[in-house]
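Worksheet: the structure to be examined is printed underneath.
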Amino acid sequence: QVQLVESGGGLVQPGGSLRLSCVASGGIFSTLALGWYRQAPGKQREWVAHITSDGHTNYVNFVKGRFTISRDNAQKTMYLQMNSLKPEDTAVYYCSEGIGRGNLFRPNNWGQGTQVNVSS
């Protein structure tokens, strides 16, 4: 199984930025489709963004223009650059690996999650 380890969460004020990282082991990293999900307390987990093995990216409408997903195959790491953060972005963010085709992503494995708090 692919194993995923996340980092980079924390407390930031509205309008600030964070960069989340996800290091993957197992499998062949360059062939993986990778994604980010988030879950706020009392709410269901929702898809945020994903990136395919060839670098194609997709985003949920709420984060378009603010978040950027990327990957570094040499470091076997995926990133989520989060700018112009809003209080409603507060959630646990999860790294995932799965099947990606176009704007469709189906997760198979999950990281442990990293907490992002956006508050004054």
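One is the number of the first residue; the rest follow in order along the sequence. Only this structure's heavy atoms are used, side chains among them; waters, hydrogens and symmetry mates stay out. As the structure is a computational prediction, the values presented were derived from the model and not from experiment.
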Is it true that a side-chain atom of Arg71 and a backbone atom of Ala33 form a donor plus acceptor pair closer than 3.5 Å?
no

CZ/Arg106 to NE2/His50 distance, rounded to the nearest 0.5 angstrom?
13.0 Å

Rounded distance (nearest 0.5 Å) linking atom CZ of Arg101 with atom OG1 of Thr52:
11.5 Å

Counting neighbours of CD on Glu88 that are heavy atoms of other residues, nucleotides or ligands and sit closer than 6.0 Å, is the number greater than 12?
yes

Any pair with a residue in residues 6-19 that passes side-chain hydrogen bond (donor to acceptor under 3.5 Å, both in side chains), sequence neighbours left out, goes on the list, sorted by first then second residue, please.
Ser17-Asn83

Nearest non-hydrogen partners of Phe29 and Asp72, listed with the distance:
CE2-O, 3.8 Å

Would you say that more than 12 heavy atoms from the other residues, nucleotides or ligands in this model lie under 6.0 Å from the CD of Glu46, or not?
yes

Please indicate whether Ile28 has more than 12 foreign heavy atoms, meaning atoms of other residues, nucleotides or ligands, lying under 6.0 Å from its CD1.
no

Measure from the side-chain N and O atoms of Ser96 to the backbone N and O of Gly35, and report whether any donor-acceptor pair falls under 3.5 Å.
yes

Backbone N/O of Tyr93 and side chain of Thr114: donor-acceptor pair under 3.5 Å
no

Test of understanding: clusters of I, L, V, M, F, W, Y form through side-chain heavy atoms closer than 4.5 Å, transitively. Do Trp36 and Val23 belong to the same one?
no

Report the residue from Asn103, Val48, Thr68 that forms a side-chain contact (heavy atoms from CB on, under 4.5 Å) with Tyr59.
Thr68

Rounded to the nearest 0.5 Å, how far does CD of Gln81 lie from CG of Leu18?
8.5 Å

Do Ser119 and Asn117 have side-chain N/O donor and acceptor atoms under 3.5 Å apart?
no

